[in-house]
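Here the structure comes first, spelled out in structure tokens, and everything after it is commentary.
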Amino acid sequence: MAKKFYLTTPLYYVNASPHIGHSYTTIAADCLARYMRPRIGKENVWLLTGTDEHGQKIQRAAEKEGLGAQEFADKTVVRFKSLWQELDISYDDFIRTTEPRHTNTVEKVLDILHEKGDIYEAKYQGWYCVPCETFWTDSQVSEKKCPDCLRPLEKISEANYFFKLSKYQDRLIRHIKANPDFIKPVIRYNEVLSFLELNKLTDLCISRPKERLEWGIELPFSPGHVTYVWFDALINYISAVGEFDNQGNYHSKWWPADLHLIGKDILRQHAIYWPIMLFALDIEPPKTIFAHGWWLINESKMSKSTGNVVSPLEISKKFGVETYRYFLLRDVAFGQDGNFSEEAIIKRFNSDLANDLGNLIYRTLTMAEKYFQGNIPAAKQTLETPQAKNIEEKIKSLDARVFDALGAESAVNFSQALEAIWELINIANKFIEDTKPWNLAKEKKTEELGDFILLLINTIKEVSGQLLPFMPKTAEAIKAQIRGDKVKKGKPLFPRIDIQNSNL
RNA sequence: CGCGGGGUGGAGCAGUCUGGUAGCUCGUUAGGCUCAUAACCUAAAGGUCAACGGUUCAAAUCCGUUCCCCGCAACCA
């Protein structure tokens, strides 16, 4: 396993409230960080998240509310931070693109690349919609009308700065081919590679004139321009954990990032722009970029215009944080799209959490209290059944199976890890049925009964340990019921949701 | 003829590379059991594996054709 683990979420754009997609990436990242910490040492894991606060949309949104851009960002960033608190996100650092540590680094990067000749000035032609204050490229426009408001456009030409993506295209292709784990899952790897092989990259426009956009980081070599979103935002991954020296060399104990977790919608920026920026800066690219899928709402893409945006806060309040985390990480294989609905959550909750996990704990502790007055029986080695042996083996091998799914170099598969945990839970439930403890009790076979209970308790302990990164509070709640050599049954952890009789 | 992914019992998926009795979860039905949150356990029903054609002793799996769905197609967080 790696000696250090630096992982990131994207910087979320603060023009609106966080939605389920933001929470998905962040919960996944948190789960991985929690998984890695005990394994390689807390001090060797660094989880970075943060907010992207520059750009036109924020400037506009601020104006709408009669606030300054910074003021507006300050207000929105709180929504993200408090959501992360609610969802038990254990980030190590939270960076905002308006912080000096970031803006300084961006300026430095711009200077270095400008001096090197990888950023150059050029005329830029396109169409401008005066009422919308929006710039459109030729390819976006048809019949000289604004795609948004359909009003006539003005042809404009302005000077802007461009970054030489094209110069590094071949190198990027070589890098991708030499590093099969660079972009994951495979479908995204192929998508990026074939895109690069079939298209010639055009240089990236990285500036906006201040007359059109004021809210951004000024280009050090052209005070009339600010840099444009992606060039600003991506740099956070290095600005948060290191610095450039006077010779323009970057130093960081964390870089290269081990994993950038992103949504598939921002794959191109991360898999093409970002590594090329790093090539130009002579910095090693990240080890892996993993693009996960989307949550669809009633089979369709979540969007503000259709009004089907799901609030993570609302769902976690309704079903519990632990349920929310579990559902997102379990219901679809990481990388694929999923369908989000309350029905789907309830189904998972009832079958996995209430019936399988919750019930296993509850029935086991009930027996421990009923037959042994809450004492965990000492081992007597009387259980020799194949089922018992099987469980013992499964307990021993669970850690490795979860590791294969989650910790191994090329795997980030939360649902597979959870499936492995649930396999043990299900075997334990069957084991109870097969052993028939109620008969052992009637026949006064106390030693067997004791060994049986002990094995179940050991199962539950292992399960709760493995569950920790996914559902930290649940793991704690389970531990609280099994302390030392005593058990103390609490209320059911996941009381079944009765759809008919609930007001959900 | 742009590139790519996919169409498998009611739902969601695995299996396709390395052909050989079609598997998992949920749902449905029947039974069992009582430690348990109407839970748990067992069993059953249900699929011509999109269609057609080919290769083969044998195809969901290989080849060809057709139909359908979904991503990506340059600055969009």
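Only heavy atoms go into these numbers, but all of them, side chains included; no hydrogens, no water, no symmetry mates.
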Pick out the pairs of N or O atoms, protein on one side and nucleotides 22-28 of chain B on the other, that lie under 3.5 Å.
residue	atom	partner	partner atom	Å
B:C26	O2'	A:Lys347	NZ	3.0

(message) According to ring pair (Phe, Tyr, Trp, His ring centres under 6.0 Å), who are the partners of A:Phe182, at least two apart in sequence or on a separate chain?
(response) A:His175
(message) Nearest whole Å is fine: how far is B:C13 C1' from A:Gln336 CD?
(response) 8 Å
(message) How many whole angstroms separate atom CG of A:Asp337 from atom C1' of B:C13?
(response) 14 Å
(request) Please list, chain by chain and in numerical order, all residues satisfying ring pair (Phe, Tyr, Trp, His ring centres under 6.0 Å) with A:Tyr324, sequence neighbours excluded. (result) none
(request) Pick base, sugar-phosphate or nothing for A:Lys370, based on heavy-atom distances below 4.0 Å to the nucleic acid. (result) sugar-phosphate
(message) The side chain of A:Lys430 is closest to which nucleotide in this list: B:C35, B:U42, B:A74?
(response) B:U42
(message) Please determine whether a side-chain nitrogen of the Lys or Arg among A:Lys264 and A:Glu191 lies less than 4.0 Å from a carboxylate oxygen of the Asp or Glu.
(response) no
(request) Flag as yes if A:Trp438 stacks onto the base of B:C33 (centroids under 5.5 Å, planes under 30°), otherwise no. (result) no
(request) Give a yes/no on whether any side-chain N or O of A:Tyr228 is located under 4.0 angstrom from OP1 or OP2 of B:C76. (result) yes
(request) By nearest nucleotide on RNA chain B, pick out whichever of A:Gln269 and A:Met367 is the more 5' one. (result) A:Met367
(request) Return the nearest nucleotide to the side chain of A:Phe195; candidates are B:A73, B:C41, B:C75. (result) B:A73
(request) Select base, sugar-phosphate, or nothing to describe what A:Pro437 touches, counting heavy atoms under 4.0 Å on all strands. (result) nothing
(message) Please evaluate residues A:His270 and A:Tyr237 with respect to the criterion ring-ring contact (aromatic ring centres under 6.0 Å, His included), reporting the C-alpha separation (whole Å), side-chain torsions for both, the decisive distance (0.1 Å), and the verdict.
(response) CA-CA 11 Å; A:His270 282 78; A:Tyr237 299 131; 5.6 Å; yes
(message) Measuring from the side chain of A:Arg363 (C-beta onward, heavy atoms only), which nucleotide among B:U37, B:C35, B:A74 has the closest atom?
(response) B:C35
(message) Please pick, from B:A74, B:C33, B:C76, the nucleotide with the shortest atom-to-atom distance to any side-chain atom of A:Glu433.
(response) B:C33
(request) Please tell me which of the listed nucleotides, B:G71, B:U34, B:C3, lies nearest to the side chain of A:Arg188? (result) B:G71
(message) Quick one, A:Asp52 and A:Arg96 - any side-chain contact, counting heavy atoms below 4.5 Å?
(response) no
(message) I want to verify a distance call: between B:C3, B:C13, B:C33, whose nearest atom is closest to the A:Leu198 side chain?
(response) B:C3
(request) Look at A:Glu369 together with A:Lys488 and state whether they make a salt bridge at an N to O cut-off of under 4.0 Å. (result) no
(message) Please classify the nucleic acid contact of A:Tyr273 as base, sugar-phosphate, or nothing, using heavy-atom distances under 4.0 Å.
(response) base
(request) Scan side-chain atoms only and decide if A:Glu53 and A:Thr98 contain a donor-acceptor pair under the 3.5 Å cut-off. (result) yes
(message) Evaluate A:His19 against A:Trp295 for side-chain hydrogen bond (donor to acceptor under 3.5 Å, both in side chains), listing each step before the verdict.
(response) CA-CA 10 Å; A:His19 56 65; A:Trp295 283 99; over 6 Å; no
(message) Between B:C35 and B:A14, how far apart are the two C1' atoms, rounded to whole Å?
(response) 35 Å
(request) Any chance you could encode RNA chain B as dot-bracket? Rule is Watson-Crick or G-U wobble with both distances under 3.5 Å; [ ] for pairs crossing earlier ones, | for another strand. (result) .(((((((.[[[[.)....(..]]]].(((((.......))))).....[[[[[..)....]]]]])))))).....
(message) Going by ring pair (Phe, Tyr, Trp, His ring centres under 6.0 Å), name the residues that satisfy it together with A:Phe163, two or more places apart in sequence or in a different chain.
(response) A:Phe231
(message) From C-beta outward on A:Thr366, which listed nucleotide comes closest to its side chain: B:C35, B:C41, B:C72?
(response) B:C35
(request) Would you classify A:Ser194 as touching base, sugar-phosphate or nothing, given that sugar-phosphate means primed atoms plus P, OP1 and OP2, and contacts are heavy atoms under 4.0 Å? (result) sugar-phosphate
(message) Expressed as a whole number of angstroms, how long is the span from A:Ile272:CD1 to B:C72:P?
(response) 13 Å
(request) Could you name each residue pair satisfying side-chain hydrogen bond (donor to acceptor under 3.5 Å, both in side chains) that touches residues 201-210 of chain A, not counting sequence neighbours? (result) A:Tyr120-A:Asp203, A:Asn160-A:Ser207, A:Ser166-A:Asp203, A:Lys210-A:Glu218
